> 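Could you have a look at this structure, given as structure tokens, before my questions?
Everything numeric here is computed off the predicted structure, so don't read it as measured data. First listed ligand is number 1; within each ligand, the first listed atom is number 1.
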Amino acid sequence: MSKYIITVDAGTTSERAIIFNKQGDIVNVSQREFEQFYPKPGWVEHNPLEIWETQKFTISDVLEKQGASAADIAAIGITNQRETTLVWDKKTGKSIHKAIVWQDRRTADYCEELKDQATMDMIQEKTGLLIDAYFSASKIRWILDHVEGAQERAEAGELAFGTVDSWLLWKLTGGKVHATDVSNASRTMIFNIHTLQWDDELLEIFNIPKAMLPEVKSSSEVYGHTDPELFGGKIPIAGIAGDQQSALFGQMCTEPGMVKNTYGTGCFMVMNTGEKVIKSKHKLLSTIAWQIGDEVNYALEGSIFIGGAIVQFLRDNLHFVDNAPEIEALAKTVEDNGGVYFVPGFVGLGAPHWDQYSTGLMIGLTRGTEKGHIARAALEALALQSMEVIDTMALDSGIEQKELRVDGGASANNLLMQIQSDITGLKIVRPQIVETTAQGAAFLAGLAVGYWESKEEIQSLWAIDKTFEPSGDDVSEVKRNWSRAVDRAKAWVE
Ligand code: ADP
């Protein structure tokens with residue numbers, strides 16, 4: 001039996017290769033950043049070759065650091081930045097354009113034009129998504145429109161489209177396998193999440209040739225093996241999931257109603273809705289969590305654009321603290337927020353508001369306001385935004401939460417976690433390993449090759465670090481004032 005699983009974690013700004021052992025613990029990591037290209041305001045690109053070279057380096061490097069060979073690796077799992085769009089030539093394996101990153105807004109006007117009620121309803125019904133430049137479909141359209149001859153070549157079957165998982169799978173297998181998993185496919189806006197097929201009607205709307213699409217597979221199966229030239233032996237690639245879905249699995253939120261929130265740069269809340277697609281009436285996304293065997297798990301998702309980044313703002317722009325963790329001590333210098341509310345609408349507001357025209361807003365300042373009040377208001381902003389998404393999920397799903405599983409950099413902040421518990425009335429559960437995104441893909445890959453026998457075995461590996469219970473303090477005033485502050489932040493940009 002091979003000793004380890006490797007997760008290939010292809011993030012937006014850096015890529016990592018992480019070695020997990022049978023206990024689900026991290027034993028070694030290699031990480032490297034890669035270049036971000038901003039050719040115009042609102043445009044974000046990556047160099048596909050650099051994505052691959054960086055990832056290849058981290059895999060070789062982590063093997064070397066661990067003193068392990070390909071034979072020691074039972075399987076590779078892939079988790080990735082989602083929606084980011086690549087198109088390459090199937091013969092040469094060369095991309096025909098830079099990757100258009102999920103944050104890229106160049107197709108916003110094109111998406112606006114699609115937004116008549118009937119099309120919005122049809123797209124939400126089939127894909128679970130709201131029409132937006134965020135998803136892959138309009139980005140594929142853009143590449144086919146802007147690279148000479150691309151449409152014709154795509155129709156002739158010469159080009160391949162893929163999200164980052166597909167691209168890495170293609171490169172890892174030496175160009176042998178062109179596939180993706182259902183969780184990534186569900187973020188393209190051309191995939192029908194009910195039938196689990198690319199949707200002809202949507203392909204027609206975006207004029208995307210079917211010949212360029214990857215085969216869609218489950219999230220846990222052997223897709224292919226690494227080219228032996230790469231790492232000195234063949235390793236099966238056996239798990240794929242988009243980053244947020246992978247984190248949901250890593251958190252072992254495997255039963256309907258279980259929710260995780262990742263407190264990173266933004267906050268990403270995902271609820272497992274089991275075999276049912278819940279169509280949101282409040283602008284959450286319905287998406288595929290994963291497929292294992294024939295079993296498909298769906299999820300509801302709400303993304304908050306500014307989460308931990310509010311702490312970065314206080315650190316880098318206002319110089320309140322030297323490092324992010326110091327915010328906790330600063331916030332503890334005061335009893336409460338002193339009437340201060342801080343709405344971090346810096347880039348507009350995400351779920352559940354979707355207001356592109358808000359800005360950041362601090363309100364309730366008086367002569368008595370101290371730094372500590374603002375620090376406290378910032379932490380409350382993370383918790384209050386998360387509360388809005390949880391409440392919206394409860395409205396859409398009819399499921400009342402009891403517990404919220406947390407991960408991400410800012411989940412280390414105990415005061416924040418206590419505030420989150422007080423404001424939502426939920427028990428907050430922080431696992432020992434908060435690298436749940438990478439862990440999820442490792443679990444999916446390990447399950448496929450029998451490294452772990454069952455979900456139950458994996459469940460037994462998942463362990464709690466700390467829980468936070470609601471203190472029972474009255475938070476109604478804080479919630480009411482937050483809501484008033486958010487209203488004032490909205491529609492500020494003219
Ligand atoms: P990402 O994966 O999005 O880069 P991470 O999960 O690494 O994010 O989390 C980093 C974010 O969390 C940063 O925005 C940082 O400001 C914030 N952060 C890190 N530690 C703390 C802390 N102790 N308290 C509050 N925020 C924190």
Side-chain angles (χ1 to χ4, degrees), residues 7-16 18 26 29 31-34 36 44 46 58 79-84 101-103 164 242-248 250-251 260-270 301-333 337 342 344 346-347 350 360 371-372 374-386 405-421 423 428 430-441 465-466 468:
T7 288
V8 161
D9 181 358
T12 306
T13 57
S14 77
E15 297 185 302
R16 301 188 297 167
I18 302 174
I26 292 174
V29 183
Q31 176 163 11
R32 189 176 257 193
E33 291 191 4
F34 58 90
Q36 310 287 312
V44 189
H46 293 154
T58 62
T79 183
N80 55 290
Q81 52 159 325
R82 305 175 300 174
E83 298 100 12
T84 296
V101 179
W102 57 273
Q103 299 149 325
V164 170
D243 52 11
Q244 296 312 318
Q245 289 97 327
S246 187
L248 189 71
Q251 282 278 21
K260 72 90 195 172
N261 195 19
T262 300
Y263 300 77
T265 307
C267 291
F268 296 90
M269 182 102 64
V270 186
E301 176 178 317
S303 305
I304 295 163
F305 300 145
I306 302 290
I310 196 173
V311 177
Q312 283 171 340
F313 173 83
L314 291 180
R315 183 192 64 190
D316 302 339
N317 300 41
L318 304 190
H319 307 287
F320 269 36
V321 287
D322 291 328
N323 57 59
E326 274 179 24
I327 199 80
E328 185 168 355
L330 182 57
K332 278 188 174 154
T333 59
N337 66 18
F342 185 176
F346 303 133
V347 293
K371 274 184 172 179
I374 293 173
R376 171 101 194 183
L379 296 183
E380 287 185 357
L382 266 96
L384 284 157
Q385 293 186 100
S386 301
R405 295 191 173 184
V406 298
D407 53 62
S411 72
N413 186 316
N414 288 333
L415 177 62
L416 169 62
M417 293 300 105
Q418 188 56 51
I419 293 172
Q420 188 70 82
S421 180
I423 280 181
I428 306 296
R430 185 171 65 201
Q432 280 174 8
I433 294 188
V434 288
E435 292 287 354
T436 54
T437 304
Q439 216 180 16
D465 164 44
K466 197 167 160 62
F468 301 83

> Protein heavy-atom contact under 4.0 Å for atom 16 (O) of ligand 1?
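Yes, because at least one protein heavy atom sits under 4.0 Å from atom 16 (O) of ligand 1.
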> Regarding atom 11 (C) of ligand 1: of the candidates Gly266, Gly264, Ser14, Ala324, which has the closest heavy atom?
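Looking at heavy atoms only, the winner is Gly264.
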> Verify the distance criterion only: is there a donor paired with an acceptor across the side chains of Asp243 and Thr79 at less than 3.5 Å?
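Per modelled atom types, Asp243 and Thr79 side chains form no pair under 3.5 Å.
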> Gly408 heavy atoms, cut-off 4.0 Å: which ligand 1 atoms fall inside?
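The list of qualifying atoms is 6 (O).
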> Name the closest protein heavy atom to atom 26 (N) of ligand 1, giving the residue it belongs to and the distance to 0.1 Å.
Ala410 CB, 3.4 Å
> Could you identify the single nearest non-hydrogen protein atom to atom 24 (N) of ligand 1 and state the distance to 0.1 Å?
Asn413 ND2, 3.0 Å
> Counting only N and O atoms by type, is there a donor-acceptor contact under 3.5 Å from the side chain of Asn414 to the main-chain atoms of Met417?
no
> To the nearest 0.1 Å, how far is atom 4 (O) of ligand 1 from its closest protein heavy atom, and which atom is that?
Thr265 OG1, 3.5 Å
> Is it the case that the side chain of Arg16 and the backbone of Val29 share a donor-acceptor pair, with hydrogens and angles ignored and the cut-off at 3.5 Å?
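Checked: no pair found.
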> Between Ile327 and ligand 1, which part of the residue brings a heavy atom under 4.0 Å of the ligand: side chain, backbone, both or neither?
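Side chain only.
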> May I ask you to identify the nearest protein heavy atom to atom 6 (O) of ligand 1, giving residue, atom name and distance to one decimal place in Å?
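Ranked first by proximity to atom 6 (O) of ligand 1 is Gly409 N, 2.8 Å.
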> Counting N and O atoms only, with roles assigned by atom type, does the side chain of Gln251 sit under 3.5 Å from a partner on the main chain of Val406, one being a donor and the other an acceptor?
yes
> Assess whether atom CZ of Arg32 is packed by more than 12 heavy atoms of other residues, nucleotides or ligands within 6.0 Å.
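Not more than 12 within 6.0 Å, no.
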> Do you know which two heavy atoms are closest between Ala331 and Leu415, and how far apart they sit?
CB-CD2, 3.6 Å
> For Leu379, is at least one N or O under 3.5 Å away from an N or O on ligand 1?
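No; the residue has no nitrogen or oxygen that sits under 3.5 Å from a nitrogen or oxygen of the ligand.
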> Has Gln312 got any heavy atom lying under 4.0 angstrom from an atom of ligand 1?
yes
> Please report the shortest heavy-atom distance between Leu382 and Ala410, naming the atom on each side.
CD2-CB, 4.4 Å
> Can you tell me the protein heavy atom closest to atom 23 (N) of ligand 1 and the distance?
Pro325 CA, 3.3 Å
> Mark up the atoms of ligand 1 that fall under 4.0 Å of a heavy atom belonging to Ala309, in ascending order.
14 (O)
> Return the minimal non-hydrogen interatomic distance between Lys260 and Thr262, and the atom names on each side.
NZ-OG1, 2.7 Å
> Heavy-atom contact check, 4.0 Å cutoff: does Ala412 meet ligand 1?
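Ala412: no contact with ligand 1 (<4.0 Å).
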> Mark yes or no for whether Glu328, through its side chain, and Asn413, through its backbone, hold a donor-acceptor pair below 3.5 Å.
no
